[in-house]
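Worksheet: one structure, shown below.
Just so you know, these numbers use all the heavy atoms, side chains as well, and skip hydrogens, waters and symmetry mates. Here is the naming used below: chain letters follow the sequence lines, and residue numbers restart at 1 for every chain.
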Amino acid sequence: TYTALMDSLCKTGRDDDALKLLDAMEDGDCSPDVVAYTSILYNLQKIGRKDEASIILARMKQKGCVPDLVTFNALITSIGRSGDVDGAFKIYTDMQDVGFKPDVVTYNALIEVLCKADDVEEAFNMFQKMVDDGCIPDVITHTELLKGLTKTGRIDEACRQFRKMVQAHCVPDVIAYNTLIHGLIKSGQVEDGYQLFKHMKGKACKPDLVTYKILMDAFCENNLVHMALELSEEMEGDMVVNSLLLSSLARSGHVDDSYKLFSDMVIKGWKLDVKSCNSLISGLANARNLDAAWQVHADMQKAGVSATVVTYTILIDSLCKSDRIEDATKLLGEMKEKGIEPDVVTYTALIDGLCKAGSLHEAQLVFGEMTRRGISGNAVTYSSLIRGFGKGGLVDEAEQVYEAMQASGCKPD
RNA sequence: UGUUGUCGCGAG
């Protein structure tokens, strides 16, 4: 019971509650089991609370709870996701030192870490090692390698990898197909991607919503709006396709079509989602049509879709870029009043606007407010500030910001 | 009850 509760707390992002529960369990007579510890370790590490995670790990061992294979695998994944390749591999050696044999999940996690770091060569070395170790690669292994290849622009090798997977009697699933279709499209081979889509439809693999999203985006971006429409009709019955189409259109510069669809959906009372509405607002803002952007903001709320931090960030950014910094600052206040917490992107948009307007002192104040709220700046934030100060001739201040950036452990990119 | 792969929203 406690363990299940712990898991749901972790998964819903209520990490502090999960930690409290863990404390209570440790103090009480019902000690947490390895599952509870693994769940909390994984989630803490995943959201970057590295130090707390190591404390919990030490406490777990001290309480006599022994990490199992799943614990190690979870650590590899969560540490690897933070970009710490060496840290992930350290767990891999540690687990072997205490006698655990890596399984397919371990190898897949490591291969994924390497692919994410664009080290496909090393990923293939792990693949070989896995095979030598008698561990049988599965569809996930192959898909990860496939993705690694497409991501690094090696589309031909990716196609070969797909064939190899089939030869290895590994049946490609919808994710494998989606990965390759997306890769083909990104390398400019839209037609080949479409052919693969038709092939999968004809065979045992049913396309899913992700497949349709990938293709609709591709068609819109290549000015093949009619093809995107055709696809959306094919998916009729699924109300979400309309939102997805609206989003695709907005992001590809077909703002008018997107707006028409939006208005249509509002009138018909069809379900809208906030991400699609945000795409449209952003598209309209980029097209310098702020009136329409605000209209969508109003209409979506009437239709029962609440604005999020992203919605406000788009609007704040658009105000800044139209030299309406005062309004942008006001809007930041409004969102806070509504209980919507600005995040690092929101603050950075405003800071950048202030810097570009030459209000460097104001920018510093906003940066201070952000920091006081416990939000750290990232590479984008610092680069805005440094550029701003540099342009204003405040070289010393620029250098101070640079030092603050290094002190905060933020790497320039 | 915990761990691995694909897609759409915002900042320099």
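Side-chain atoms of A/Thr150 do not come within 3.5 Å of backbone N or O of A/Gly183 as any donor-acceptor pair.
Residues meeting the salt bridge (Lys or Arg N to Asp or Glu O under 4.0 Å) test with A/Lys391, sequence neighbours left out: none. Taking the side chain to side chain donor-acceptor pair (under 3.5 Å) definition, one finds that A/Gln128 meets it with A/Asp132, sequence neighbours left out.
A heavy-atom distance below 4.5 Å is not found between the side chains of A/Ser376 and A/Val344.
Contacts between residues 100-114 of chain A and RNA chain B, defined by a heavy-atom separation below 4.0 Å, involve A/Val105, A/Asn108, A/Glu112, listed by number. Contacts between residues 299-330 of chain A and RNA chain B, counted as heavy-atom distances below 4.0 Å, involve A/Val309, A/Val310, A/Thr313, A/Ile314, A/Asp317, A/Lys321.
In this entry the distance linking CG of A/Leu280 with P of B/rG8 reads 18 Å, nearest Å.
Set against B/rC7, B/rG8, B/rG2, the side chain of A/Ser276 has B/rG8 as its closest nucleotide. Closest contact between the side chain of A/Val139 and the listed nucleotides B/rA11, B/rG5, B/rG12 involves B/rG5. Ranking B/rG2, B/rG10, B/rG5 by closeness to the A/Ser39 side chain, first place goes to B/rG2. When each of B/rU1, B/rG5, B/rC7 is scored by its nearest atom to the side-chain atoms of A/Ile214, the top-ranked nucleotide is B/rC7. The A/Val210 side chain lies nearest to B/rC7 when the options are B/rG5, B/rU3, B/rC7. Considering only side-chain atoms of A/Arg387, the nucleotide from B/rG2, B/rG12, B/rC9 that sits closest is B/rG12. Here the side chain of A/Thr71 is nearest to one of B/rA11, B/rC7, B/rG2, namely B/rG2. If you check B/rC7, B/rG5, B/rC9 against the side chain of A/Ser279, the one that comes closest is B/rC9. Listed nucleotides: B/rG10, B/rU6, B/rA11. Nearest to the side chain of A/Asn378: B/rA11.
Checked options A/Asp86, A/Asp94, A/Thr93; the residue passing with A/Lys90 is A/Asp94 (criterion: side-chain hydrogen bond (donor to acceptor under 3.5 Å, both in side chains)).
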Nucleotide pairing, RNA chain B (Watson-Crick or G-U, distances under 3.5 Å), in dot-bracket with [ ] and |:
............

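Listed by first and then second residue, the salt bridge (Lys or Arg N to Asp or Glu O under 4.0 Å) pairs that reach into residues 250-266 of chain A are A/Asp217-A/Arg251, A/Asp264-A/Lys268, sequence neighbours excluded.
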